[in-house]
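Here's the structure we're looking at; comments come further down.
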Amino acid sequence: MDASLKLSLDEVGADGARRDVLHRQLRDELRHADHLDLGSPTSTVAATPDGARALGPAEISALSVAVLGSGGLPTLFACLRDWLRRGQQAKRSIRLEIDGDVIVLDDPDDAERQELLRTFLSRHGIEESI
């Protein structure tokens with residue numbers, strides 16, 4: 001199973017610099033994980049005109065993840081759960097987007113959230129154990 005997902009990160013009270021740190025931390029973790037290929041959702045954006053801002057906060061804190069093979073989703077969601085759990089001082093969330101369909105993950109241990117995630121993935125033909 002191969003799929004492409006867009007992830008956006010947030011942390012309550014985080015400014016742009018903090019979001020950048022969080023983005024880099026998760027990106028480094030995912031880069032070293034098996035069955036995942038990282039890109040930037042903004043890498044396909046056309047050239048920015050002179051004087052215009054190239055990226056906003058949403059783009060800076062976003063990752064494009066290609067899930068490769070049957071081990072990709074369990075690997076991805078294990079990394080995301082670990083990242084969410086480390087947000088003990090301030091609540092963290094991850095916005096997951098597939099083909100314009102969005103779900104926000106904010107509680108890594110919530111059984112109801114896990115079931116909603118399974119339903120979300122199955123709408124896109126992804127029927128793997130997470």
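Side-chain atoms are counted along with the backbone in the values below, which use heavy atoms only and exclude waters and symmetry mates.
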Check your understanding: Can Arg24 and Asp28 be counted as an ion pair, charged N to O under 4.0 angstrom?
Key ->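 Not counted as a salt bridge, because no side-chain N and carboxylate O are separated by less than 4.0 Å.
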Exercise for review: May I ask you to say whether Asp15 pairs ionically with Arg18, meaning some side-chain N is under 4.0 Å from a carboxylate O?
Suggested key: no
Reported [atom1]-to-[atom2] distance for the pair [X] and [Y], which is rounded to 0.5 angstrom:
{"X": "Ser8", "Y": "His23", "atom1": "OG", "atom2": "NE2", "result": "9.0 Å"}
{"X": "Leu5", "Y": "Leu73", "atom1": "CG", "atom2": "CG", "result": "6.5 Å"}
{"X": "Leu63", "Y": "Arg31", "atom1": "CG", "atom2": "CZ", "result": "9.0 Å"}
{"X": "Glu29", "Y": "Leu80", "atom1": "CD", "atom2": "CG", "result": "9.0 Å"}
{"X": "Leu84", "Y": "Lys91", "atom1": "CG", "atom2": "NZ", "result": "10.0 Å"}
{"X": "Asp99", "Y": "His124", "atom1": "CG", "atom2": "NE2", "result": "6.0 Å"}

Check your understanding: Quick check: does any side chain N or O of Arg92 sit under 3.5 Å from a backbone N or O of Leu9, one acting as donor and the other as acceptor?
Key ->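 Checking the backbone N and O of Leu9 against the side chain of Arg92, no donor-acceptor pair under 3.5 Å is found.
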Review point. Are any side-chain N or O atoms of Arg113 and backbone N or O atoms of Val104, one a donor and one an acceptor, separated by less than 3.5 Å?
Key: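 Yes; at least one donor-acceptor contact below 3.5 Å.
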Review point. Around atom CD of Glu115, are there more than 12 heavy atoms of other residues, nucleotides or ligands at under 6.0 Å?
Key: yes
List the atom of [X], the atom of [Y], and the distance in Å for their closest heavy-atom pair.
{"X": "Phe77", "Y": "Leu105", "answer": "CE2-CD1, 4.1 Å"}
{"X": "Ser93", "Y": "Asp106", "answer": "CB-CB, 4.1 Å"}
{"X": "Leu7", "Y": "Ile94", "answer": "CD2-CG2, 4.1 Å"}
{"X": "Cys79", "Y": "Leu30", "answer": "CB-CD2, 3.5 Å"}
{"X": "Ala90", "Y": "Glu11", "answer": "CB-CG, 3.6 Å"}
{"X": "Trp83", "Y": "Asp10", "answer": "CH2-O, 3.8 Å"}

**Study point:** Working for side-chain contact (heavy atoms from CB on, under 4.5 Å), residues Leu121 and Arg118
**Key:** CA-CA 5 Å; Leu121 294 171; Arg118 281 186 190 86; 5.8 Å; no
**Study point:** Hydrophobic cluster membership, Leu116 vs Phe120, 4.5 Å side-chain cutoff
**Key:** yes
